[in-house]
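What follows is a set of notes on a single structure, which appears directly below.
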Amino acid sequence: MSGSRVPDAASDPRPGGCRRTWAELLAGRVRRPEAGPERAQQVRAAAAQLLRRHLNLSRLLLEVDGPRPAELPLRGRVDQWVDHGSPGALVGSTFQDQASRLGVPVAVLSSQTVASSFVQICETCAEPSCGVLLDPEQRKKLSSLLEIAGHLLAHSMFSRLSFCQELWKVQDSLLLEAVWHLHIQNIVSLQELLESHTDMQAVEAWLFRKLRCLCEQTESCQHTDIARAVLSGFVQMFVLKGFQRILGPRRDMEAERMPQIALAVLQRMLLFALETLAAGVQEESSAHKAVRCWFSGFSGHTFHGILSTDSPKRFSRHTLTQILTYQPVLKVSSAVQMQRDWSFARTHPLLTGLYRRPRTLFQLFVFLSPEELVGHLEEVLETHEVNWQHVLSCVSTLVICFPGAQQLVTDWVARLLARAFESFDLDSMITVFLVVRQAALEGPSVFLSYADWFRASFGNSRGHHCSSKKALVFLFKFLSDLVPFEAPRYLQVHILHPPLVPSRYRSLLTDYIALARTRLSDLKVSMENMGLYEDLSTAGDIIEPHSQASQDVEKAIQVFEHTGKIPVAVMEASIFRRPYYVSHFLPALLTPRVIPRAPDSRVAFIESLKRADKIPLSLYSTYRQACSAAAEKTPADVSLGVKEEAEPDWVEGSLRLLTVALQELRATMTDPTQYDVLSAQIAVVSERLSSALGLREDHSSSEVSKIQLIVPAPKLELREQQVVDLLLTSFCQNLMAASNFAPPDRQGSWAARFVTSTCGQTLLPAVLSRLCQLLHHQSPSLSASHVLGLAALAVHLGESRSAFPEVHVGPPAPARGLSIPEFFNSLLMCGSKESLLFCLKFCTAAISYSLCKFSSQSSDGWYSCLSPGLIKKFQFVVLRLFSEARDPLYAEDTASFPWRPLCLPSADWRRAALCLWRQRAFRELLKKKEFHLTYRDWVQLELEIHPEVDSLSDIERWDFHQWAIREHFLPKPSAAGGCDGDLETACTILVDVLMDFCQSSRRCDAHSENDLVLGGCTGSRDVFSRLQEMAADLEQGPVMAQGHAPSRGHFLFGVFCRRFQALAGGGDVASHLQRQRELLTCKRILLGLSPSVLVGSPRAAQPTAPDCTEFFHLVNSELRNFCSHGGALTHDITIHFFRGLLYACSRSRDPALTADLTLTACQTECPLVLTSALLWWLRLEPELRCRWGCFQGPLPRGLQGLREAWQCASSLLSSDTESSDTVLPALSPAWVSAAALHFAIQQAGKGGLRRGLERLHCPREELLVVLFFFSLMNLLSSHLTPHAVDFPTALDVCAEILGCLKKRKVSWLPLFQLTETDAGLGHILLRLAPDQHIRLLPVAFYSLLSYFDEDALLQDGAFLHVAVDMYLKLLGLFVAGETGALSTLSGRSQESQGDPVGLITKARLFLLQLIPRCPGKSFSNVAELLATRDHDPEVSAALLSRQQSQEPYLS
């Protein structure tokens, strides 16, 4: 419908006053203007006009989006903003249009507008207190603004000067981070901004204020990384601009003021930091945080970009000078008094942190070499007034943090000292003493003690002070001026170690000493009351004498524990410092207490002093009474020593401080190569360690020259164990932490420094005792990290072996002291499965660590870190546990050492050990002779194995033994530790080692003397079985190396002979027991081997006696003295010999002849074998008959003669035999029959003795003489072994036989004149008795004194000679102490024989009464007898007088 109306309405011609309809109006707008260039231009002009009327440029800049802040470049370039598609293009055109409309330069307009927007961004901070940093929203807006500013700058539409002027108008609103962004994005450089300000001091103040605020907020803000980057940027620019070198003509300072501003700002911040440190503000205060943050700005990252310039070095010199000269208000006298409080550990850590590099911080020392540092110190001291606290703390930091600084400081001091005496320069002298004392405060591991330096500088004639009298006056004038301000310790050093002074100038020294003593008296310090262990090298406080005495007592007991002797200091004090010793030391030592039931070290020390007469008896008696009274008043639990004293609070506090210091040390292990950082923290640990141990500052003093440890039960005080556990735990943790970042060879020297600083001689005994507990007793419970840490600790302790005393382990103590590496080797046991596994772990860790740690050093430098025994044990364990290691190694592994895998939680020790085994470096190490695992070493280690707890089964152990002996060591050349293919050599070494093991203190306790397990050790069973196998192989056919001649005799006797010759030949009890023990071992080995060893096999070609020479020699020289029972050997060795004889007969064509020849040889060469057969005949005969039956013939004549002699002797004493004369068989020698009769008398008792003697029909008188000899030996045995032989019975038997001899008028005196040269009976009798019995014949002679018939004996011209000879020999025995064994004689004899002195007295009286009665012919040889021996003067006078009176008769 509407459509139909439109044409009508349009065609209606109405005049203008007529109102048109809505349709008519719309119809007029349907037609669009024609498009064209003109129309577009009109639209743009209309839009621009609209924007000009309503445009706000500041808001426009803030609304334009740009890139995110993270995408902004850290270093911008102008051309980066040339991008016509960026928002800056639109803004630029706007600025141009606006500038043209306003008639101002576009650069000025844009700069003012950007500055306004910049300030608005800074003022929109969410936190009003935030004056330096932007929040995230501000950073986003600022990045967009800087993008637009960069575009404007690139198109020359931005004025930097105008921009800077606008900013300075509102400088308080500016944020430092925003300014930093302007600089790094090259909008306006910081130099241009700062130099645009007209007031330079205002700029400095603004920068100082902002930087301080930045430092205060850095640690607490959310974006710490941005804050540190801002700070680092400012510091870098200040250092670069402030300390740049000006090469050309000096420019106008007004035109370039940046260097002045940089210097001023750095100076202000440094002064602020030093003032804060001097004020001692709290650690969490804002000022303290600001200083800490400012110092952290001097980081290596900060200066990384300017290392190519010399600005950092110039800055270091300038800053160090400012520190050293800051507020030089302290006088030298104050420095002398206060410098001990300025040691490294006591200096504020922020100041020492500025010097050095804690973790990642920059250090002032880093750009200066040690030589330059010392030179700069010297220059500053010569040209400036200095702050002595800062100078001396700098010296402490220098010697702590620089390796080799000791020598530099020593040389510097030497130059200063020479200059002081050349020009008598007091300032140089002051510097010398202050520097030396300061360096000495850091301990002996860093610098020599003051006492040592003073003694070395002035204690000899080469000192500068000895050049002239003027030099002496100068020295003593200087020392005298110091006296009012000196610490007592230094005065004591000067008094006890005075300068060497010529005698003509002695008055100078005496005057000074008098002055020093007066000063000490004023300080109430007495030289006489000095402690025994006070260290004069430190400046510690002088404590009261009673407190010092208590500490001296504890230290003396500790030294006594470790050495077993009274300390030298105590002995000297008891003589030369008697007042202190009596008035203070002894009362502290003898404090009454409840004495424990098991004597402790204090009790043993007191008893040792008492035996040495170093404790007055009255004082000791009072002490014992007081202890008894205390025991009566003390409850039972306390009397038993179970009450424990509570640790004082200060001990717990010091342990906490030590723990904190160790934790801080561990935190530095992220970079273990930082020598200065680690050294600084270790110095703190060392100081805390002294406090934890209750030491003063004198812990470096030690008198211990050796360390005595009881390995079976090492002892430690509770506090010592707590401290040592902390140190060991810390070392293990530090090693693991450091190994996470670097292998040992790139960890620096922190470990060695830790060991030398914490494990000094004072704590070393406790450390070794704890290590003994851990490694020797608790090894199965140690984790992998513990094993690695303790192994590395052992390596570094071995590295410092020259600084440590020897270690004596016991009981019993070895013959020599052990070095530290040898001590660790002694702790590693191989007896059980657990100990073998631990030994493998420890050796693998120690060897791997040392090879990796010292891989770059010469072999001689690190061989000393490990004991050859430890490397040998590693080879032994690897070969024993891993069969694959026994295979030949064709290719060596060149990979790295297995250290890193060991640091992992799941350490594969087997893999690590085999990896080390195949290492080329380790194989090269094994080529050195001292590290060869020789056959002897292998046997020694294998003997320690206990089969019942072995990791190998019996079959596996047998296989291993066969491989080791037959395949490995037997064919190996002797130069490599083998046997050259000689089986006899292998047997010889095995026997030698086996005997050594049985004699050693490490063997197990013996269970039975007859046990074939040598020494009672079950571990020797298998090894001894291998010996039996090899000895059997030798008998079948010895395996000899090519070119070796057949050996003469059995190898076993050669070993025995050599060992007996090596033993000491002294007559003391110790030597006697050692020889007896050795002989028992020899006998057990003989009994364990085939009997054929004793009796060699006869040649088959002709029946001859077997060669028994070696066995006979062993019997005559050794067994006769130790294993004989009244003229006979023990049953076991006797039956063993006859079994060997039967074996030899079985291999002979004529067994009976072989037996007869052998027994005939025994009569002349070894009669003790035959007498032994007679003693044990009842047990011997059945086996002989049984074994001889296989020969199908009667017993040989030699055996028949022994049987007949025994039968006749038995029937002679038997009460069942008819009373008729009995004739002993004539087949046997008289001494054989006498021996049979003697043994029969022993078994029958003295009841049948007289009856048997009456029946005896003896055509040979020597039988009774020999029988008397055997009875004399039995009498002496009753003296020596009273439990085995009854003395009265033995004496009665001797008396009966002596009466029979008198009755038959048979001379018995030759028995007391036996010599080896006797061709007849004497030679045999000497081989039938021990040497000790022969020497004691004078005792037997005078024991029978009451049974002598003097009238009959006087008719014998030889009696007086024999009696005097026996008396003189008896005196010799008494003087030599051999009659000591006879002291038990007193009281056992019914005739009251008395002690040796009584016997000598009776003999003397007898001679004095006999001499006048003797006929003249008795004195023929008396003079010759007296001339050959020491004699009794009275007896000699009587003899000589009687002889002179008989000379006419004799002539």
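Count residues from 1 along the sequence.
- Residues Leu417 and His464 meet the side-chain proximity criterion, which asks for heavy atoms closer than 4.5 Å.
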Walk me through whether Met338 and Gln389 qualify under side-chain contact (heavy atoms from CB on, under 4.5 Å).
CA-CA 9 Å; Met338 301 169 61; Gln389 180 179 3; over 6 Å; no
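- For the pair Phe447/Leu441, no side-chain contact is recorded, criterion being any heavy-atom separation below 4.5 Å from C-beta on.
- Counting only distance, with no hydrogens or angles, the side chain of Thr319 and the backbone of Phe315 share a donor-acceptor pair below 3.5 Å.
- A side-chain donor-acceptor contact under 3.5 Å links Ser468 to the backbone of Ala471.
- Note that NE2 of His390 and CG of Leu277 are 7.0 Å apart. Values are rounded to the nearest 0.5 Å.
- Ion pairing between a basic and an acidic side chain is recognised when a charged N comes within 4.0 Å of a carboxylate O; Asp522 and Arg519 show no such pairing.
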Between Leu475 and Leu479, does a side-chain contact (heavy atoms from CB on, under 4.5 Å) hold up when you go through it step by step?
CA-CA 6 Å; Leu475 173 63; Leu479 294 177; 4.0 Å; yes
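- For His376, the ring-ring contact (aromatic ring centres under 6.0 Å, His included) test picks out no residue, with sequence neighbours left out.
- Among residue pairs with one or both ends in residues 423-438, those qualifying as side-chain hydrogen bond (donor to acceptor under 3.5 Å, both in side chains) are Gln339-Gln438, Ser396-Gln438, Asp425-Ser428, Arg437-Tyr450, Arg437-Glu486; sequence neighbours excluded.
- Under the 3.5 Å distance criterion, with hydrogens and angles disregarded, a donor-acceptor pair is assigned to the side chains of Arg753 and Ser757.
- Taking all atoms of both residues into account, the shortest heavy-atom contact from Ser461 to Cys466 is O-CB, 3.6 Å.
- With hydrogens and angles ignored, the 3.5 Å screen pairs no side-chain donor or acceptor of Thr347 with any backbone N or O of Ser393.
- At least one side-chain heavy atom of Leu408 sits less than 4.5 Å from a side-chain heavy atom of Pro370.
- Here Arg419 pairs with Glu382 in a salt bridge; the nearest charged N to carboxylate O distance falls below 4.0 Å.
- Between Leu763 and Leu727, the closest side-chain pair of non-hydrogen atoms falls below 4.5 Å.
- Side chains of Leu434 and Val395 form no contact here, defined as non-hydrogen atoms less than 4.5 Å apart.
- Side-chain contact check for Lys289 versus Glu216: every heavy-atom pair is 4.5 Å or farther apart.
- Between the Arg455 side chain and the His497 main chain, no donor and acceptor come within less than 3.5 Å of each other.
- One finds the CG atom of Leu266 at 11.0 Å from the CG atom of Leu271 (value rounded to the nearest 0.5 Å).
- A salt bridge between Arg415 and Asp411 is absent, with no side-chain N of the basic residue lying under 4.0 Å from a carboxylate O of the acidic one.
- For the pair Lys241 (side chain) and Ala262 (backbone), a donor-acceptor distance under 3.5 Å is absent.
- Contact of the Leu211 side chain with the Val265 side chain is registered, since non-hydrogen atoms from C-beta on lie closer than 4.5 Å.
- A distance-only check finds no donor-acceptor pair linking the side chain of Glu664 to the backbone of Gln681 [under 3.5 Å].
- Of the possible polar contacts, none joining the Ser686 side chain to the Ile682 backbone as a donor-acceptor pair under 3.5 Å is found.
- The backbone N or O of Leu448 sits nowhere less than 3.5 Å from a side-chain atom of Asp452 that would complete a donor-acceptor pair.
- Aromatic rings of Phe243 and His318 (six-membered ring for Trp) have centroids within the 6.0 Å cut-off, being under it.
- Within 6.0 Å of NZ on Lys477 lie no more than 12 heavy atoms contributed by other residues, nucleotides or ligands.
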Go through the steps to decide whether Glu275 and Tyr326 satisfy the test side-chain contact (heavy atoms from CB on, under 4.5 Å), and finish with yes or no.
CA-CA 9 Å; Glu275 289 171 359; Tyr326 170 74; 3.1 Å; yes
One pair to check against side-chain contact (heavy atoms from CB on, under 4.5 Å): Glu687 and Arg346. What are the steps and the verdict?
CA-CA 9 Å; Glu687 186 189 38; Arg346 297 182 181 183; 3.3 Å; yes
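- Proximity of the aromatic rings of Phe731 and Trp750 is defined here by a centroid distance below 6.0 angstrom, and this criterion is met.
- Without hydrogens or angle criteria, Glu372 side chain to Ser369 main chain gives a donor-acceptor distance under 3.5 Å.
- If you look at His288 and His348, their ring centroids are closer than 6.0 Å.
- None of Phe485, Trp453, Trp388 except one satisfies the ring pair (Phe, Tyr, Trp, His ring centres under 6.0 Å) rule with Phe433; the exception is Trp453.
- Here the side chains of Asn734 and Leu662 are not in contact, with every heavy-atom distance at 4.5 Å or above.
- In this structure, Glu442 contributes its side chain and Phe344 its backbone to a donor-acceptor pair below 3.5 Å.
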Apply ring-ring contact (aromatic ring centres under 6.0 Å, His included) to the pair His494 and Phe454, showing each step before the final yes or no.
CA-CA 8 Å; His494 300 164; Phe454 190 83; 4.5 Å; yes
